[in-house]
**Student:** 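Here's a structure for you.
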Amino acid sequence: MADRNFEQEVQQQMEQFKLHPSKEVWLKVDAQLRKDKRRRWFFILVSTIALLGIVGGIMYTSEQKQPVLQQIISMPNQSITKTDDNNKTPSLVPAGSATPSQEKKAIPDEPITVKQNISTAALTKNSDLIKKDETAFVKNKKEPLAISQTATPKKTNKAVVQQPTDNTTKGSVIVFFPPSKRKTAAVAEKQDTSEVLLLLPQSPINSQSIVNTKDSSSFSIAAQQPIAYKKNDSTSVTSSIPAPPKEKRKWQRGIQFNLGLADIVESILPGSEYKRAESIPYFSQGGITGVPNTISGITVSEYNVTSSITIGASYLLRKKVFKQSLFVTGIQYQYNQFTVNQRISRDTFSVAQNRLVNDFSNEQTTSYSFHYISIPTELQWHLAKTTKGNIMLGTGLLHSFRLSSTDGLPAFISNSSGPAFYQPIVQLTPSYEWTAKKSAMQLGWYFNYGVLPVYNNSSKNHWWQTGLRLQLFFNKK
Amino acid sequence: MHQHRQLIKDCIKGKATAQKELYDLFAEVMLAVCYRYTKSLADAEDVLQDGFIKVFRNLASFREEGELGGWIRRIMVNTAINFLKKKKEYQYDMSFLNEPLHPVSDDNPEIKLRTKELADLIRQLPSGYQTIFNLHAVEGFTHVEIGQMLGISEGTSRSQYMRARNLLMTWIEKYNSEPKLSSYGG
């Protein structure tokens with residue numbers, strides 16, 4: 001090797017140099033890559049959950065911090081007064097003319113009548129009246145008021161009217177409203193269909209006014225401070241009352257059972273078939289001058305995948321997130337199975353008979369089972385309301401983590417080293433929900449499709465599952 | 001269009017079949033590269049394993065301007081250097097482990113044998129010499145680049161290389177003058 005060409009010679013020699021690595025190297029590389037993939041999916045999963053949590057949190061807190069409603073009691077040119085001494089029913093009279101001495105003259109065109117049981121009510125500014133941080137306002141008669149003598153109204157969907165017990169507020173009425181009815185109150189202009197609704201907070205009254213708009217029959221109250229009305233009070237009052245505290249949207253607990261069919265398919269439709277034919281040449285590698293093989297012929301393998309059972313049970317948590325939807329999550333155990341029917345047939349060439357003869361045939365069925373722990377992330381949308389319940393649509397992703405599975409691989413899956421650890425499954429579930437005695441029950445028909453291949457190395461095998469699921473959500477205590 | 005564009009795309013997507021294909025395509029050449037930098041086949045395979053993991057993790061950053069083989073080779077060399085740096089005792093390990101190797105089939109076995117023998121002679125050099133010799137004579141890095149890669153001066157790289165080169169040439173001459181085993185076969 002000449003000095004001047006030494007490096008060149010070495011380079012040339014080394015370019016030809018190759019070594020065959022042991023199989024373990026690839027296995028280790030592959031294992032590491034799988035681990036990376038799992039980490040990546042785990043990161044995506046955690047990020048998705050975190051994102052959902054953040055979005056849910058923002059939505060939840062934004063609803064909690066709704067701006068204070070600036071509602072005005074609309075009674076232009078009117079003030080609350082009595083319409084009839086005998087009747088003792090307060091009504092609205094035009095402002096300015098509403099002095100105690102002119103009460104009768106000041107009878108408004110469209111008086112608003114307080115319920116009879118508060119006919120002696122004094123609509124007063126006296127904040128002593130206020131016992132509870134509750135809201136009272138005008139309420140339509142169509143929804144009957146429950147009357148309670150207790151200071152603290154029970155949680156109810158109906159307004160509660162209370163008679164204050166202390167002397168200073170004798171004759172007044174306190175109407176407690178459920179949170180859902182505190183924002184506004186529509187008051188019919190007709191005398192016999194309206195009631196007065198009062199906002200009764202604890203804190204002292206600031207500026208208050210009552211304004212009536214003649215052309216509007218709505219009578220609403222919202223203020224940042226409590227207000228109460230004294231009879232014969234002719235002053236206009238506006239009041240800013242804090243938006244009443246909203247009822248917290250609590251998680252509703254529930255359980256789920258599902259039963260159906262699972263399949264592993266190339267496309268969305270089940271029942272895929274796989275066929276393969278292999279030939280064994282008559283002559284070996286030496287070509288026609290080589291030695292003939294003792295067995296020569298064609299081997300045909302057929303694989304048919306059929307649906308098998310899928311069954312699961314879940315513990316669920318559900319919460320309202322949008323106006324028309326509920327977010328569902330929890331933990332789920334899922335058992336999936338699919339079955340492979342395999343048939344192998346071999347025809348060999350018989351020199352004696354000078355034709356192909358079937359010398360081997362075998363048929364067998366193998367089931368492959370999977371155990372998953374899953375985290376559902378689903379939104380249940382209210383689609384329509386019926387007399388007895390709601391029609392809903394569930395859309396979401398089931399994050400499944402494989403606990404264990406049958407050893408071995410289906411024969412048609414080649415170059416695969418095992419089933420995937422993480423499997424996101426898209427869910428679509430039309431359902432019907434109705435209320436039972438102590439729970440909300442939901443019956444749905446689910447369609448699941450695995451986003452990733454069941455077996456890592458093959459891109460053509462995906463979960464497809466369908467069946468019925470029953471969800472029971474227990475009422476909040 | 002790059003020769004391995006589709007293969008690279010599939011590997012980036014995480015398709016295991018494509019990853020295996022890429023590995024099979026370059027593993028033998030790259031193991032030879034790793035082998036020249038290390039003293040044992042086991043270490044060479046460790047470097048190969050780490051190197052391929054880096055390749056697959058960073059394949060998305062591969063620019064199709066150059067050869068994929070060259071890019072992978074560069075990763076292997078860097079991985080080997082890091083491996084040697086981490087194993088400080090390696091610097092003093094002068095032993096030559098004559099491990100069974102599996103040269104890839106070649107039409108000319110004589111060339112194959114010479115190649116392996118030359119590689120084995122390079123591996124007999126002290127680790128410092130061995131690394132610098134490989135980087136300069138085989139990979140074609142300049143002494144400035146080698147200095148930057150190994151954290152030594154250009155002069156040190158140059159002098160180490162010359163010593164390695166002289167030592168290797170002496171061994172080659174000695175090897176050539178020795179009667180071959182086949183001559184006695186007679």
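We name chains A, B, ... by the order of the sequence lines, and we start the count at 1 in each one. Not measured: the values here are computed from a predicted model.
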**Student:** Could you look at B:Y161 and say if it's the side chain, the backbone, both or neither that has a heavy atom under 4.5 Å from chain A?
**Tutor:**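 Looking at B:Y161, just its side chain touches chain A.
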
**Student:** Looking at B:A18, B:G140, B:C34, B:A27, which one has more heavy-atom pairs under 4.5 Å with chain A than the rest?
**Tutor:**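 Most heavy-atom pairs under 4.5 Å with chain A: B:A27.
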
**Student:** Rounded to the nearest 0.5 Å, what separates atom NZ in A:K37 from atom CZ in B:F56?
**Tutor:**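 If we round to the nearest 0.5 Å, A:K37:NZ and B:F56:CZ are 11.0 Å apart.
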
**Student:** Can you see which heavy atom on B:L48 is nearest to which on A:P21, and at what distance?
**Tutor:**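 B:L48 and A:P21 have their closest heavy atoms at CD2-CB, 3.8 Å.
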
**Student:** Thinking salt bridges, do A:D36 and B:R57 make one under a 4.0 Å N-O criterion?
**Tutor:**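 The answer is yes: the pair qualifies as a salt bridge.
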
**Student:** Does B:E45 use its side chain to pair, donor to acceptor, with the backbone of A:S22 at less than 3.5 Å?
**Tutor:**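 Checked: pair present.
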
**Student:** Determine whether A:V10 and B:I122 satisfy the following criterion, side-chain contact (heavy atoms from CB on, under 4.5 Å), listing intermediate values before the conclusion.
**Tutor:** CA-CA 10 Å; A:V10 170; B:I122 294 169; 4.3 Å; yes

**Student:** Is the shortest side-chain heavy-atom distance between A:D30 and B:K20 below 4.5 Å?
**Tutor:**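 With C-beta onward as the side chain, the pair stays apart.
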
**Student:** Atom CD of B:Q49 and atom CG of A:L27: how far apart are they, to the nearest 0.5 Å?
**Tutor:**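 Here the rounded value is 10.0 Å.
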
**Student:** Taking the six-membered ring for Trp, are B:Y23 and A:W26 parallel (under 30°), tilted (30 to 60°) or perpendicular (over 60°)?
**Tutor:**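 Because their plane-to-plane angle lies in the 30° to 60° range, the rings of B:Y23 and A:W26 count as tilted.
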
**Student:** Less than 4.5 Å apart, side chain to side chain, heavy atoms only: is that true for A:M14 and B:L118?
**Tutor:**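 Yes, side chains in contact.
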
**Student:** I'd like to check B:V29 versus A:F17 (side-chain heavy atoms, cut-off strictly below 4.5 Å). Are they in contact?
**Tutor:**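 Of all side-chain heavy-atom pairs linking A:F17 with B:V29, none is under 4.5 Å.
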
**Student:** Measuring only between side-chain heavy atoms, which start at C-beta, is B:I53 closer than 4.5 Å to A:K28?
**Tutor:**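 No, side chains not in contact.
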
**Student:** Apply side-chain contact (heavy atoms from CB on, under 4.5 Å) to residues B:Q19 and A:L33 and explain how you reach the verdict.
**Tutor:** CA-CA 9 Å; B:Q19 288 171 339; A:L33 293 175; 3.5 Å; yes

